[in-house]
Novice: 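Quick one: this structure, given as structure tokens, is what I'll be asking you about.
Numbered from 1 within each chain, the chains take letters A, B, ... in sequence-line order.
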There are 2 protein chains.
Amino acid sequence: MTREIAEAETGLSDDMPAEPTQAHRFGQARIARSAALVEDYVELIDDLLTSQGEARSTDVAKRLGVTHPTAIKSIARLKREGLATSKPYRGIFLTEAGHELANKVRARHRLMVELLVAIGVPMDAAEEDAEGMEHYASETTLAAFAAFLAKQAL
Amino acid sequence: MTREIAEAETGLSDDMPAEPTQAHRFGQARIARSAALVEDYVELIDDLLTSQGEARSTDVAKRLGVTHPTAIKSIARLKREGLATSKPYRGIFLTEAGHELANKVRARHRLMVELLVAIGVPMDAAEEDAEGMEHYASETTLAAFAAFLAKQAL
DNA sequence: ACGTAAACATAGCCAAGGCTACATTTATCA
DNA sequence: TGATAAATGTAGCCTTGGCTATGTTTACGT
């Protein structure tokens, strides 16, 4: 059974594309998982900035359900990635890139919730599950969601 | 603006349920994220056991796109959690609990992909996105998916 | 049957994202 | 204005899930 094993090991056979599809999928999921935290922070900071006029690290921490040192550490990551800025003992602000990301994330979040609700998921469950699922929806999938909702609205 | 700040900080106001909803949602998402890895491993090991008759750690590693030390370390976690067993230089086996989890996870995965496809997401994107999204779908949401698909089938 | 390659295991490193405990700065109000 | 509370920041620890490098065992082919 050497041949079958070889195929199983590489995930490839002659008539398959060069992508080891399963490993590739898991890899994509891992990447999305790592981006999820950044996305959540950016969206929340943007929300706070518009609704309260400022984003304090303790507010962020409380909303996310983590301690403030954890929030600060994560915000440091945002700064490192050029998404946010802050000076000691002052609030947090988003860069242009951060603001754009926030808008993208919020739009995706809304679309995800809308879709779930359209499918028949109750609102609370839709909000809760969307929080996790949204980070994994590709552009292709989001476009399909939008198309589906548009069709439904007729 | 003390009152508004107090509300923002706790996420609570008088007419709201005791649950700090946003923090709660993020907390749930964090829990799901941590379960995701275990679920992926268990499902894959079950697949290998049925399709190949055995589950080798190198196969698992290759399919998941990680190195084998990483796979071994994760499998150690499965063992710790009572989902799998293995002896040095022998394959990996699932406990009854592990097998049950695998079945649950596989069913959920199929349902997720089916739903995405029914919505109009192309197969490749559905497979890729489902890999991440499936871990965040609650029972409520899955039931709604099933109901939607049943209705569509008419 | 035995030597070598492949599979498996172990050790030790790293970054991320949690936490607690402690220090510092700001802000409030008596 | 000055004491105290609240907000912010820092230090240091833990676990998880990656990795590389380096041993061991098993298994295969001659």
Novice: Quick check for you: among D:dG17, C:dC19, D:dC19, whose closest atom lies nearest to any side-chain atom of B:T70?
Specialist: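 Within the option list, the nearest is D:dC19.
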Novice: Pick from B:R25, B:R30, B:R33: which one makes a salt bridge (Lys or Arg N to Asp or Glu O under 4.0 Å) with A:E131?
Specialist: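 Testing A:E131 for a salt bridge (Lys or Arg N to Asp or Glu O under 4.0 Å) against B:R25, B:R30, B:R33 leaves exactly one candidate, B:R25.
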Novice: Rounded to the Å, how far apart are B:K87 NZ and D:dT25 P?
Specialist: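 After rounding, the reported distance stands at 17 Å.
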Novice: Just how far, in rounded Å, is P of C:dA7 from CD of B:Q52?
Specialist: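 Computing the B:Q52:CD to C:dA7:P distance gives 13 Å.
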Novice: Considering only D:dC19, D:dT10, D:dT24, which nucleotide approaches the side chain of B:Y89 most closely?
Specialist: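 Comparing D:dC19, D:dT10, D:dT24 against the side chain of B:Y89, the answer is D:dT24.
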Novice: For the residue pair A:H99 and A:L94, what are the closest heavy atoms and their distance?
Specialist: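 A:H99 and A:L94 have their closest heavy atoms at N-CB, 4.0 Å.
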Novice: Describe the nucleic acid contact of A:S57 in one word from base, sugar-phosphate, nothing, applying a heavy-atom distance below 4.0 Å.
Specialist: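 The residue A:S57 makes sugar-phosphate contact but no base contact.
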Novice: Among the nucleotides C:dT10, C:dA9, D:dG9, which one has an atom lying closest to any side-chain atom of B:P69?
Specialist: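 For the B:P69 side chain, the nearest candidate turns out to be C:dT10.
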Novice: Any ion pair linking B:R77 and B:E81 (charged N to carboxylate O, less than 4.0 Å)?
Specialist: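 Looking at B:R77 together with B:E81, the answer is yes, because their closest N to O distance falls below 4.0 Å.
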Novice: Between A:R90 and A:S74, just flag the one whose closest nucleotide in DNA chain C comes earlier from the 5' side.
Specialist: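 So the residue in question is A:S74.
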Novice: Taking the side chain of B:H68 as heavy atoms from C-beta outward, which of C:dA27, D:dG9, C:dA9 is closest to it?
Specialist: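 Shortest atom-to-atom distance from the side chain points to C:dA9.
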Novice: So which one's nearest nucleotide on DNA chain D is more toward 5', A:G91 or A:R30?
Specialist: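 Closer to the 5' end of DNA chain D: A:G91.
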Novice: Tell me the interatomic distance from A:L37, atom CG, to D:dT16, atom P, rounded to whole angstroms.
Specialist: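 In whole Å, D:dT16 P and A:L37 CG are 18 Å from each other.
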Novice: Given atom NZ of A:K73 and atom C1' of C:dG17, what is their separation to the nearest angstrom?
Specialist: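 Spelled out: NZ on A:K73 to C1' on C:dG17 is 7 Å.
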Novice: Side-chain contact, heavy-atom cut-off 4.5 Å: B:D47 with B:R106?
Specialist: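 Yes - at least one pair of side-chain heavy atoms lies under 4.5 Å apart.
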Novice: The side chain of A:T58 is closest to which nucleotide in this list: D:dA7, D:dG9, C:dA16?
Specialist: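 Of the candidates, D:dA7 comes closest.
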Novice: When the distance from CG of A:L64 to P of C:dG18 is rounded to whole Å, what number comes out?
Specialist: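 It works out to 8 Å between those atoms.
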Novice: Which whole-number value in Å describes the distance from B:I75 CD1 to C:dT10 C1'?
Specialist: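 Those two atoms, CD1 and C1', are 15 Å apart.
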Novice: Report yes if at least one side-chain N or O of A:R33 is closer than 4.0 Å to OP1 or OP2 of D:dT16; otherwise report no.
Specialist: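 No, because none of the side-chain N or O atoms of A:R33 sits under 4.0 Å from OP1 or OP2 of D:dT16.
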Novice: Starting from P on D:dG17, measure out to CZ on A:F26 and report it in whole angstrom.
Specialist: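 Answer to the nearest Å: 14 Å.
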Novice: What's the OH-C1' distance between A:Y41 and C:dG17, to the nearest Å?
Specialist: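 The distance from OH of A:Y41 to C1' of C:dG17 comes to 8 Å, rounded to the nearest Å.
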Novice: Examine D:dT15: is either OP1 or OP2 under 4.0 Å from a nitrogen or oxygen in the side chain of B:R80? Give yes or no.
Specialist: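 For B:R80, the contact criterion (side-chain N or O under 4.0 Å from OP1 or OP2 of D:dT15) is not met.
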Novice: Establish, with yes or no, whether the OP1 or OP2 oxygen of D:dT16 is under 4.0 angstrom from a side-chain nitrogen or oxygen of B:R77.
Specialist: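 Answer is no, no contact under 4.0 Å.
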Novice: Under 4.0 Å between a side-chain N or O of A:R56 and OP1 or OP2 of D:dT8?
Specialist: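 Yes, such a contact exists.
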Novice: Taking atom NZ of B:K79 as the centre, does the number of heavy atoms from other residues, nucleotides or ligands within less than 6.0 Å exceed 12?
Specialist: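 Yes, NZ of B:K79 has more than 12 neighbouring heavy atoms, counting only those of other groups under 6.0 Å.
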